[in-house]
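Inspection log for the structure reproduced underneath, given as structure tokens.
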Amino acid sequence: MKKTGHVLLTGLFLVTLVFITAIPLAAGAESTLTVGLSEMKVKGYSGGLDAQAYNAPMPVYSQVYDALVEYGDGGEIKPGLAESWEVSSDGKVYTYHLRKGVQFSDGTPCDANAVKFSMERLQKKDSAAWMSMDDFSKIEVVDDNTVKIYYDKPSYSILQEMSLCRPQRIMSPNSVNPKGDPNGTFETPIGTGPFKFESYTDGKEYVLVRNDKYWGEKPKVDKIVFKLIPDENTRTMALKSGEVDILGSGLSTIEPSRVQDLESTSGISIEKRDGDMAIGLIPNYSKGPLADEKVREALNHAINTKSIASDLFEGIYTPGKGAFSTTIPYFKQAVESGVVSGYDYNPDKAKELLSVAGYEDTNNDGIREKGGSNLELNLIIPSLMPWSGYGVSDQRPLAETIQADLKNVGIKVNINSMEGGAWWDAVTKSHDYDMYIYGPWGVIYDPLITLKAYWYTGGRLQYSDPALDTMIDNAYASTDESSRQQILNNIFTYLQDHSLMIPIYQDEKIFATQSKVKGFEIPASDFIFNLKTVEVSS
């Protein structure tokens, strides 16, 4: 009898234990990760999160939508919604084999027809008309899990472009009205990502919640709140007070001057890694003094980039070597092999070049002139950088340092601070500037996508040279790594010889997290974050 009673008690204990462990956590135990974003509400941002558009901050997209392939460290292309793929020997046909059983957050299947819908909608919207991935001639659904995309010409960058955070991520056909119509009107963001859209408060925050239908490892937090905090001081105080859990590159700029303070703040951890953004002066090639290559070259020798890196940026950022960061594939190899060497700080050389260009200080007022006109350059800056990724939120201290360096060689610089939207219109539409502080977009875009977008005829910077166009075309069409490196070496040399960008500094990825945040990993790209591994302890 004693034995029987012991067995009954043990069974009762096990049943009770199972019952207790099945009880959900008490209400209010929901875990939330709060992320600070520096992006202010800029023109075109509607909060809609259309997968084939640009109407929300970049880091939000990859939480809601998946891409066919993902970008890994060093440029490695990794499986995404496609678990494998093949490229035809002529580089014109891409076959994607999709993961089986993947569902959108509304429970509908993510199959080959959904991929076809998203890509056809992308092409009809013209969102990616400047990219190779959009230039397809046909999409064939082979079966439910296989899709082929046909192109008229090969392009090395297609897989890179497919991994971007926008505008080519895969969206449910139910996201538009009428459903499944590539010409339909966007209504609801429905993706296959680890989180799904819950709400957007205009200019304030995005709220995402766990997608329980996610095909991969389920997120460790229930909710992510992306708070839009444009002002750096406000963001830093929000981190210190615990209002936000994480700040950092691609999300919200942490300037080097903040690092020491944050490192000494209890409960906050700082992580750093080599960045992939190269920032410099973008000159106006079509009008004004900087249309002259000699004047552009003079600027390269007149600006003390080592002093800027050590003094203005606390030695955390490093002097720029060229149009791209030395972490970027192909440009990295070009620097290591000595193909690209950068420019030395040499004010005397700068003065010689300006004299060759016909600029002399004939009246001894410290400013050179030519044809009776002073050598004056208008440097336009945003009053507040409207998004992160460029190493600084406030460009004025850097602009004033550049102004002082150029004054030393006889160039007068007028700094024109503008509201962010007006500044963006000036650099992309009216081109009403002599120069501005900007740079390529880093990985995944660099170098090929940026080369095509910036310096190809018809590109953003209004530069045109058929010889450079041909080199860029050849780099895109190359199917061999060594020949592609040689073509790109020639392009990098061309950019340096023609001073198409005046390099200033390379950034560092800097992230700050609350001590309660665990599992955060610095991403390969500034714009695509894996937040499903992050935990927030109480």
Side-chain angles (χ1 to χ4, degrees), residues 278-305 307-308 320 322-323 342-382 395-396 398-418 422-440 454-455 457 459-465 467-468 494-505:
I279 310 302
L281 289 174
I282 303 294
N284 193 324
Y285 312 112
S286 59
K287 62 183 179 181
L290 294 179
D292 188 331
E293 284 185 19
K294 293 297 182 185
V295 180
R296 298 200 299 266
E297 187 179 353
L299 265 60
N300 276 306
H301 293 291
I303 298 172
N304 191 343
T305 58
S307 176
I308 288 172
Y343 304 88
D344 61 309
Y345 173 57
N346 189 338
D348 290 336
K349 178 70 177 294
K351 292 174 183 177
E352 290 175 12
L353 289 164
L354 292 173
S355 294
V356 171
Y359 291 95
E360 299 285 0
D361 182 11
T362 59
N363 57 8
N364 295 315
D365 66 349
I367 305 299
R368 292 171 179 263
E369 65 272 350
K370 179 180 178 181
S373 298
N374 283 345
L375 179 49
E376 291 191 35
L377 300 175
N378 291 318
L379 170 58
I380 64 171
I381 64 172
Q395 291 186 344
R396 180 164 287 278
L398 175 58
E400 290 175 347
T401 303
I402 292 168
Q403 181 185 51
D405 280 349
L406 295 186
K407 183 180 179 181
N408 286 338
V409 298
I411 301 174
K412 181 179 180 181
V413 174
N414 303 309
I415 300 172
N416 182 10
S417 180
M418 311 168 70
W423 172 82
W424 188 239
D425 284 345
V427 302
T428 60
K429 296 178 181 178
S430 68
H431 299 277
D432 187 16
Y433 61 84
D434 286 315
M435 54 187 179
Y436 63 97
I437 302 168
Y438 204 59
Y454 277 25
W455 291 292
T457 297
R460 171 180 293 177
L461 303 185
Q462 296 189 314
Y463 186 80
S464 180
D465 182 347
L468 179 59
Y494 180 101
L495 297 181
Q496 179 171 275
D497 289 348
H498 293 270
S499 297
L500 296 191
M501 177 174 157
I502 293 85
I504 306 295
Y505 67 91

Could you list the residues that satisfy side-chain hydrogen bond (donor to acceptor under 3.5 Å, both in side chains) with Asn304, not counting sequence neighbours?
none
Applying side chain to side chain contact (heavy atoms under 4.5 Å, CB included), can you list everything that pairs with Ala422, at least two apart in sequence or on another chain?
Met418, Glu419
With sequence neighbours excluded, residues passing side chain to side chain contact (heavy atoms under 4.5 Å, CB included) with Ser430
Ala426, Asp432
Main-chain N/O of Gly439 paired with Tyr454 side-chain donor or acceptor, under 3.5 Å
yes
When rounded to the nearest 0.5 angstrom, what distance separates CG in Leu281 from CG in Asn300?
9.0 Å
Locate the shortest heavy-atom distance separating Ala357 from Val295; write the atom from each residue and the value.
CB-CG2, 4.0 Å
Got a second to check how far Glu297's CD is from Asp497's CG, nearest 0.5 Å?
8.5 Å
Nearest heavy atoms of Asp361 and Asn364, plus distance in Å:
OD1-N, 3.0 Å
Between CD1 on residue Ile303 and CD1 on residue Ile308, distance to nearest 0.5 Å:
6.5 Å
Close side-chain approach of Lys412 to Leu375, heavy-atom, < 4.5 Å
no
Residues that Pro440 engages under side chain to side chain contact (heavy atoms under 4.5 Å, CB included), provided they are two or more places apart:
Phe324, Asp446, Thr450, Met501
Locate the shortest heavy-atom distance separating Ala323 from Ala278; write the atom from each residue and the value.
O-CB, 4.0 Å
Are the side chain of Tyr285 and the backbone of Leu500 linked by a donor-acceptor contact shorter than 3.5 Å?
yes
Evaluate the side chain to side chain contact (heavy atoms under 4.5 Å, CB included) criterion for residues Tyr433 and His431: first the C-alpha distance (whole Å), next the side-chain angles of each, then the deciding distance (0.1 Å), finally the verdict.
CA-CA 6 Å; Tyr433 61 84; His431 299 277; 3.6 Å; yes
To check you understand the geometry: which heavy-atom pair defines the closest contact between Leu290 and Pro283, and what is its length?
CD1-CB, 3.8 Å
When rounded to the nearest 0.5 angstrom, what distance separates CG in Leu354 from CG in Asp292?
9.0 Å
If we ignore hydrogens and angles and just use 3.5 Å, is the side chain of Glu369 paired with the main-chain N or O of Thr362 as donor and acceptor?
yes
What's the verdict on side chain to side chain contact (heavy atoms under 4.5 Å, CB included) for Ile367 and Ile411, showing C-alpha distance, side-chain angles and the deciding distance?
CA-CA 6 Å; Ile367 305 299; Ile411 301 174; over 6 Å; no
More than 12 non-hydrogen atoms from neighbouring residues, nucleotides or ligands closer than 6.0 Å to NZ on Lys294, yes or no?
no
Relative to each other, are the rings of Trp424 and Tyr438 parallel, tilted or perpendicular (30° and 60° limits)?
tilted
Salt bridge (Lys or Arg N to Asp or Glu O under 4.0 Å) partners for Arg396, two or more places apart
Glu400
The side-chain hydrogen bond (donor to acceptor under 3.5 Å, both in side chains) partners of Ser417 (sequence neighbours excluded) come to none
Table please: side-chain donor-acceptor pairs of residues 344-351 below 3.5 Å, with sequence neighbours left out.
unit_1: Asp344; atom_1: OD1; unit_2: His301; atom_2: ND1; d: 3.3
unit_1: Asn346; atom_1: OD1; unit_2: Asp348; atom_2: N; d: 3.3
unit_1: Asn346; atom_1: OD1; unit_2: Lys349; atom_2: N; d: 3.0

Looking at Trp455 and Leu468, what are the two nearest heavy atoms and their distance?
O-CD2, 3.7 Å
Side chain to side chain contact (heavy atoms under 4.5 Å, CB included), that's the test. Do Ile282 and Val427 meet it? Break it down for me.
CA-CA 10 Å; Ile282 303 294; Val427 302; over 6 Å; no
Tell me every residue that passes side-chain hydrogen bond (donor to acceptor under 3.5 Å, both in side chains) with Tyr436, counting only those two or more places apart in sequence or in another chain.
none
For Glu293, what residues pass the side chain to side chain contact (heavy atoms under 4.5 Å, CB included) criterion, not counting sequence neighbours?
Arg296, His498
Side-chain donor or acceptor of Gln395 paired with backbone N/O of Ile437 under 3.5 Å:
yes
Are any of the side-chain heavy atoms of Leu299 and Ser499 separated by less than 4.5 Å?
no
By side-chain hydrogen bond (donor to acceptor under 3.5 Å, both in side chains) - contacts of Thr428 (at least two apart)
none
What I want to check is whether the side chains of Asn284 and Asp434 have a donor and an acceptor closer together than 3.5 Å.
no
Taking only residues two or more places apart in sequence, or in another chain, which ones meet Tyr505 in a ring pair (Phe, Tyr, Trp, His ring centres under 6.0 Å)?
Phe313, Tyr317
NZ (Lys407) with more than 12 external heavy atoms under 6.0 Å:
no
Under the salt bridge (Lys or Arg N to Asp or Glu O under 4.0 Å) test, residues paired with Glu360 that sit two or more places apart:
Arg368
Between Gln403 (side chain) and Asn414 (backbone), is there a donor-acceptor pair under 3.5 Å?
no
